[in-house]
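Just follow the structure's listing: the first ligand is 1, and inside any ligand the first atom is 1.
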Amino acid sequence: MKIYLDYAATTPVKKEVLDEMMPYFTEKFGNPSSVHSFGRENKKAISESRSKIANTIGAKPEEIYFTGGGSEADNWAIKGIAYAQKNKGNHIITSKIEHHAVLHTCEYLEKEGFEVTYLDVDEYGLINIDDLKDAIKENTILITIMYANNEIGTIQPIEEIAEIAKENSIVFHTDAVQAYGNKKIDVSKTPIDLLSISSHKIYGPKGIGALYIRKGVKIHPLVHGGAQERKRRAGTENTHGIVGFGKAAEIAYENLEEHNAKLIKLRDKLINELTSKIPYTKLNGHPTKRLPGNVNISFEFIEGESLLLSLDMVGIAASSGSACTSGSLDPSHVLMAIGLSHEVAHGSLRLTIGDMTTEEEIDYVIEKLPPIVDRLRQMSPLYEKVKGE
Ligand SMILES: *Cc1c(COP(=O)(O)O)cnc(C)c1O
């Protein structure tokens, strides 16, 4: 058995997506900026893909800018607004649970003289709307709050946050990389000014994403050079990536309801079974305001890393609550922000479900995980003590 439950990290490219991309590696290889037919064919493919993506979020095609992924879109949105609007002010508001692409960009800007407020979140990972209102100052130029969290799956009240930003004439950006393909998003109704999305989280290829930039929003260009992406992000377009992203986006929104219903059913089964079968467990994130495919559970008295290795040995690929992947032993900033102790955060497991997940796979995890947790706990002196009491 080989079971992939790490869809929040990345997803496989769907067959239909790959089929659509293939010709653009070989016979349809022209440079989209060329005037001849080879170029025009490519230019047309890019513009069709741009329209498909715009349609999924209620945007105009010319408001979609292709980037090299979600991180690049986040960097561009934040630095681009900061530099373009610094004559108006130097204050940015974000939250403590953002993706590192947002947090590290904000930290960089602090070194450049900007001031950043990092909002706290509650035990479920939700920001407090009154805290947001209180944080707004005369010199606030940007609010950047993620749509849905990649670790604990919590979905923020984005409509409400966007309205507050608008009332105060502050630019609003949201990192929607996890929400995109799972939530209905409509920028013609919700006053979101900038929105980041990424292809490889929705069964498209890696290294391609987009930033939605509302018409009229003043932003610095990202890459100087040719006239590509309306002179804001120069460089010959990643045509095959763009074509794949467009197809993946189209499929995601055609099948949204079906996809969500399936994932929610499997998610809730996993949550209910694991938290009822295994003692000393805690669900992280919000019980209902959460991504359809996200399960994040803390198991007291064990190390997430040992859990991951044991799961890997029985063929289950998951993710843990510490940042060991990046070579550090610090527990995740998200789990810290929702108030977990270091110990409990270290014993956290993220299982993320996707389109290819089957009920048999979920049943296999429900069968395999409890004895693994039990065995690891037997090695914990602390657990022996608690059990003995
Ligand atoms: C994956 C992810 C990103 C980064 O996207 P890349 O395309 O991998 O650069 C940013 N934000 C969130 C919430 C993500 O889950």
Side-chain angles (χ1 to χ4, degrees), residues 4-13 17 53 57 64-80 94-108 118 121 125-127 144-156 158 161 173-183 185 192 194-212 222-223 233 238 240-242 244-246 248-249 252 263 284-286 289-296 318-321 323 325-326 332-335 337-338 350-354:
Y4 184 78
L5 286 172
D6 204 10
Y7 285 85
T10 195
T11 61
V13 173
V17 172
I53 291 169
I57 61 165
I64 302 296
Y65 294 80
F66 289 111
T67 65
S71 301
E72 186 181 307
D74 284 342
N75 269 259
W76 184 12
I78 298 167
K79 287 182 230 170
T94 187
S95 84
K96 287 191 177 161
I97 64 163
E98 298 298 310
H99 189 273
H100 282 146
V102 168
L103 281 182
H104 291 169
T105 303
C106 287
E107 286 161 15
Y108 164 79
Y118 300 89
V121 293
L126 287 169
I127 67 152
T144 171
I145 304 282
M146 73 197 317
Y147 207 125
N149 185 269
N150 45 304
E151 289 188 41
I152 57 173
T154 302
I155 299 168
Q156 302 293 340
I158 286 300
I161 297 169
H173 165 248
T174 187
D175 172 345
V177 172
Q178 289 289 335
Y180 189 63
N182 289 303
K183 285 286 290 179
I185 300 172
I192 295 167
L194 305 128
L195 177 133
S196 306
I197 55 180
S198 177
S199 157
H200 76 102
K201 303 286 174 80
I202 62 156
Y203 312 94
K206 293 172 179 61
I208 180 80
L211 180 64
Y212 156 76
L222 179 69
V223 181
R233 201 258 188 192
N238 172 1
H240 44 87
I242 290 172
F245 188 16
L263 266 57
N284 296 315
H286 198 279
K289 291 171 189 162
R290 83 183 292 133
L291 287 171
N294 178 286
V295 176
N296 189 313
S319 159
S320 82
T325 39
S326 58
S332 118
H333 63 285
V334 177
L335 299 178
I338 61 170
R350 182 186 75 178
L351 298 161
T352 44
I353 299 161

Is it true that the NZ or CZ of Lys79 lies under 6.0 Å from the centre of Tyr108's six-membered ring and within 45 degrees of the ring axis?
yes
Would you mind listing each N/O atom of ligand 1 next to any protein N/O under 3.5 Å, plus the distance?
from     : atom 1 : to     : atom 2 : distance (Å)
ligand 1 : 7 (O)  : Gly70  : N      : 2.8
ligand 1 : 7 (O)  : Ser198 : OG     : 2.6
ligand 1 : 7 (O)  : His200 : NE2    : 3.4
ligand 1 : 8 (O)  : His200 : NE2    : 2.8
ligand 1 : 9 (O)  : Gly70  : N      : 3.4
ligand 1 : 9 (O)  : Ser71  : N      : 2.9
ligand 1 : 9 (O)  : Ser71  : OG     : 2.7
ligand 1 : 11 (N) : Asp175 : OD1    : 3.3
ligand 1 : 11 (N) : Asp175 : OD2    : 2.6
ligand 1 : 15 (O) : Gln178 : NE2    : 2.7
ligand 1 : 15 (O) : Lys201 : NZ     : 2.8

Return the orientation label for the Tyr180 and Phe245 ring planes: parallel under 30°, perpendicular over 60°, tilted otherwise.
perpendicular
Parallel, tilted or perpendicular: which describes the rings of His100 and His104, with under 30° parallel and over 60° perpendicular?
parallel
Please report the closest heavy-atom contact between Ile185 and Ala176, naming both atoms and the distance.
CD1-CB, 4.3 Å
What distance separates Leu211 CG from Arg233 CZ, expressed to the nearest 0.5 Å?
11.0 Å
Lys289, NZ atom: more than 12 neighbouring heavy atoms under 6.0 Å:
no
